[in-house]
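Atoms within a ligand are numbered from 1 in the order they appear, just like the ligands themselves. One-based numbering along the sequence shown.
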Amino acid sequence: MSQPTHIHKVSNEAKQQARLSEEQYQRMYAESVNDPDSFWREQGQRIDWFTPYNRVKNTSFAPGKVDIKWFEDGTLNACYNCVDRHLAERGDKTAIIWEGDSPEVQDEISYRTLHKEVSRFANGLKKLGVAKGDRVAIYMPMVPQAAYAMLACARIGAVHSVIFAGFSPKAIADRINDCEAKLIITADEGRRGGKTFGLKDNVDEALADNRCPTITHSVVCQVTDGEVNWQPERDVWWHELVADVSHECQPEVMNAEDPLFILYTSGSTGKPKGVLHTTGGYLVYASMTHEYVFDYREDDIYWCAADVGWITGHSYIVYGPLANGATTLMFEGVPTYPGIGRIGEVVDKHQVNILYTAPTAIRALMSKGDAAAKTSSRDSLRVLGSVGEPINPEAWEWYYEKIGNSRCPIMDTWWQTETGGIMITPLPNVNDLKAGSATRPFFGVEPGLVDNDGKSLTGATEGNLVIKQSWPGQARTLWGDHERFEQTYFSTYKNQYFTGDGARRDDDGDYWITGRVDDVLNVSGHRLGTAEIESVLVAHKAISEAAVVGFPHDVKGQGIYVYVAPMTGVTADEALTAEVREWVRNELSPIATPDFIHWSEGLPKTRSGKIMRRILRKIAANEHDNLGDTSTLADPSVVDSLIKHRLNK
Ligand code: PRX
C-alpha cells in the first residue's frame, strides 16, 4: 500500500463497554470454526422454533455434490419471529420508523400495528390464490408496505423476489419469468429527492402482450395518488384487497430449509442469478450478525440507509432487526435532499444510535466539504457501519470524524447477496480498526486466500478470497439452476466457496478487500455484470459489438466505460450517443447508465477473436502507458486509435 495504515485502537475505556472482551471473542470464534455444530446448536436458539431442530449442520462443498442444510429437521416461520413473538413484551414498541422523502412526513409503526397490517395483507394474498411455495415479485418504493409485503409472503410461506425499484420493464419481466412468479406487488409511484417516479407503468410494460404468462394479478399500493392505467381483471388496489379481511392469519409452519426469498443479482454472464435463501439458517445468521456487529441493544434506534431491493435491505432493514425486536428506520429519500445535511438531520430527529450506510453516500457528502455535518449534532450515534464496496481510507476518516464526531467505531462489513449476512467485519470496541480494512471474520466464517491455481496462501499476502466452510446464512442454490450454482461458486477452487473478490491479508491477519476479480462492476455499491450491460448494448440496432469495463471513479467507486462498434453504415454522432445512453437506462436501469460511450470501428482482439479487456480497462482508467503484453493482438493499430480518442482524460 502506498499510504500508511490509519489504526484506531480500542481504548481501555471503550473496552469496558464492549459486549465481549478480546479473550471471549477469541474463544467464541475458535469454537465457532472448530466445533460449528455445537456453536450453532446454541446460537440457533436465538429464534423461536415450532419444532426444535436436532440436526444442526449438514453441508457439502464437494464437486458435483454441493448441498447445504442447516437445522434441517426444525420448523419455524420467519414472519412469526419478526413480528408475533415480540407482541407480548414489545407490542407497543416501534418496529418501523418511516422517514419520508420530505422531512415533513414520517410514521411510526408499532409491533402491534405491524402484526395487524402484515396479517391483513397476508390474508389478501391468500384471497388472490397465493399459497405456500408460490413466488411473488415485489417492486416497491421505500415505504412500510414494502416490508409488510415481504413479511406477509413469509407468513404464508410464499417466496418473495424483490426487484429493485430502479429496474426497467425488461429486467422486471426477466426476473418474473425466471422464477415464474404468480403475482407482483407494486405501487402507483415512488418518491425520491423531491421527484416522483412511475412504478406501475413499468410493471404494465413488463406484463404487456402476455410477456409474463404466470402473473395472475398485480397488487398496487397507493403511495402518491398519481395517475395509473388500470386493467380491472388483473390489477387490484392494496387498500381494497385488505378492506374486508381478517386481522388474524396463522403463520404457516415452514421447514428450516424451505425457501424464504429469491434475490436476483449480477454475475459474469448476461443472465441475472436468482440467489435462493432459505428460512432457518438465514434468520439465525441475520439476527446474530445484526446484534453483534452493531452491538445492538434493546432501546437502540437503528438505521440502515439501504434499499429493500438489495440484500442489505433484506437482512438489515427487515429480517435481522425485526427478528431482534429492534426499532428499524426506513428512509424513503436520498442523503442529499432537501439538503446535504439530511442524514445527520434524520439522525438527530429520531435520535439514531446506529447508522449503517455505503461508501458511495459517504463520498458524495464528503465532496461538499463539511457541509453535511453543519446542520446536526449527531450526538446520539454510537456505532457506524459501511457496506457494499471497499471504503477508501479518506472516506473512512471523514465518516469517522465528521459524521461520528470521532467517537463512534466504524464497522466496515464485507459480504454479498450470496452470503445472506455480514462475513468479515470488526465488532464494536472489541477489534482495533484500520481505515479501509474489513478486518476479521465473523463467528463461523473461515476465510482463506488462494492463488489462481487454487493453492492456499498463508501469512500476509494477497489472493482470491474463498470461504472454507459453510455458515448458516449461505445461499442454498440459484433458483432452478443448481448446476450454475456449483459452477459459479464451487468449481473454481475445489471444496471452497469462491467469493469473486480479491483480498489482502496483513501481518495482523486482518483482511482488506480489493474488489471483484471477475467481470462484475460495483457502481455506487450496485452490482452490475459487464455482460449484462453488453447484451443490452448489442440489442441496439446501431451497435454491432460492445465491451464494457469499469474504471476508478471518485464518488461512485467504479464508473462504466463502454466501447461500442457501430453497424456498417452507421454514423456515430452525439445524438446516437445520447440515444444509446437512454437505451441502457430504459432497457436495464438508470444505475447502469454509461459514464463514457466510446465509438470505435474495431475492438482489440486476440488472433483467436477474444476481446482483450485488460487493455480496454487500462485505457478506460487512463493508464495506457503500461499496457503490458500486446503481442497476441490481431491488429495492434486499433489500440493506438483507442488511446488517441480515449474519453477519460
Ligand atoms: O465486491 C464485494 C462488494 O460487493 C460485492 C457484493 O455485492 P452485493 O451482492 O450486491 O452485496 C452488497 C451488499 C452486501 C462483494 O463481492 N462489497 C460488499 N461489501 C464490501 C465490499 N467490498 C469491500 N468492502 C466491503 N465492506
Side-chain angles (χ1 to χ4, degrees), residues 162-164 166-167 261-268 272-277 282 285-286 289-290 293 304-317 319-320 356-363 384-393 395-396 399 410-426 433-442 445 447 464-467 473-475 478 488-489 492 497-504 510-530 532 550 552 556-558 589 591-592:
V162 180
I163 303 168
F164 175 60
F167 276 122
F261 64 84
I262 302 166
L263 189 56
Y264 285 87
T265 189
S266 299
S268 45
K273 302 182 286 197
V275 172
L276 181 81
H277 284 286
Y282 170 80
Y285 198 73
T289 45
H290 171 258
V293 174
C304 166
D307 191 288
V308 288
W310 308 118
I311 190 69
T312 310
H314 283 59
S315 302
Y316 299 111
I317 294 177
Y319 288 111
Y356 189 28
T357 187
T360 188
I362 298 162
R363 286 191 299 261
L384 299 175
S386 170
V387 59
E389 48 179 319
I391 178 165
N392 48 313
W396 196 105
Y399 191 27
I410 300 177
M411 303 304 113
D412 176 3
T413 63
W414 173 84
W415 58 296
Q416 310 178 296
T417 305
E418 295 87 341
T419 70
I422 295 166
M423 299 289 280
I424 302 186
T425 178
L433 306 174
K434 294 175 184 169
S437 169
T439 72
R440 295 305 171 101
F442 189 72
V445 174
N464 301 306
L465 181 65
V466 295
I467 311 292
Q474 177 169 31
L478 296 178
T488 311
Y489 305 106
T492 321
Y497 166 82
F498 178 41
T499 62
D501 278 312
R504 188 168 71 80
D510 286 326
Y511 285 85
W512 301 70
I513 310 298
T514 51
R516 301 290 305 194
V517 294
D518 53 10
D519 290 324
V520 171
L521 304 181
N522 194 328
V523 180
S524 298
H526 300 314
R527 184 166 154 182
L528 292 164
T530 51
E532 217 174 338
K556 300 199 270 189
Q558 272 189 307
S589 167
I591 60 179

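Taking the charged nitrogens against the carboxylate oxygens, Glu532 and Arg527 have no contact shorter than 4.0 Å, which rules out a salt bridge.
Closest of all the heavy-atom pairs between Met423 and Trp415 is N-CB, 3.7 Å.
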Carefully, step by step, assess Tyr497 and Gln474 under the rule side chain to side chain donor-acceptor pair (under 3.5 Å). CA-CA 10 Å; Tyr497 166 82; Gln474 177 169 31; over 6 Å; no
Contact table, ligand 1 N/O with protein N/O, distance under 3.5 Å:
{"from": "ligand 1", "atom 1": "1 (O)", "to": "Asp501", "atom 2": "OD1", "distance (Å)": "2.6"}
{"from": "ligand 1", "atom 1": "1 (O)", "to": "Asp501", "atom 2": "OD2", "distance (Å)": "3.3"}
{"from": "ligand 1", "atom 1": "4 (O)", "to": "Gly388", "atom 2": "O", "distance (Å)": "3.2"}
{"from": "ligand 1", "atom 1": "4 (O)", "to": "Asn522", "atom 2": "ND2", "distance (Å)": "3.4"}
{"from": "ligand 1", "atom 1": "9 (O)", "to": "Thr417", "atom 2": "N", "distance (Å)": "2.8"}
{"from": "ligand 1", "atom 1": "9 (O)", "to": "Thr417", "atom 2": "OG1", "distance (Å)": "2.6"}
{"from": "ligand 1", "atom 1": "9 (O)", "to": "Arg527", "atom 2": "NH1", "distance (Å)": "2.6"}
{"from": "ligand 1", "atom 1": "16 (O)", "to": "Gln416", "atom 2": "NE2", "distance (Å)": "2.9"}
{"from": "ligand 1", "atom 1": "16 (O)", "to": "Asp501", "atom 2": "OD1", "distance (Å)": "3.4"}
{"from": "ligand 1", "atom 1": "16 (O)", "to": "Asp501", "atom 2": "OD2", "distance (Å)": "2.5"}
{"from": "ligand 1", "atom 1": "16 (O)", "to": "Arg516", "atom 2": "NH1", "distance (Å)": "2.8"}
{"from": "ligand 1", "atom 1": "17 (N)", "to": "Gly388", "atom 2": "O", "distance (Å)": "3.3"}
{"from": "ligand 1", "atom 1": "19 (N)", "to": "Gly388", "atom 2": "N", "distance (Å)": "3.1"}
{"from": "ligand 1", "atom 1": "22 (N)", "to": "Pro390", "atom 2": "N", "distance (Å)": "3.4"}
{"from": "ligand 1", "atom 1": "24 (N)", "to": "Glu389", "atom 2": "O", "distance (Å)": "3.3"}
{"from": "ligand 1", "atom 1": "26 (N)", "to": "Asp412", "atom 2": "OD1", "distance (Å)": "2.8"}
{"from": "ligand 1", "atom 1": "26 (N)", "to": "Thr413", "atom 2": "O", "distance (Å)": "2.7"}

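Relative orientation of the Tyr282 and His277 rings is tilted, given thresholds of 30° and 60° on the angle between their planes. The aromatic rings of Tyr285 and Phe442 stand perpendicular to each other, their planes meeting at an angle above 60°, with 30° marking the opposite boundary.
Ring centers of Phe261 and His314: under 6.0 Å apart, within the cut-off.
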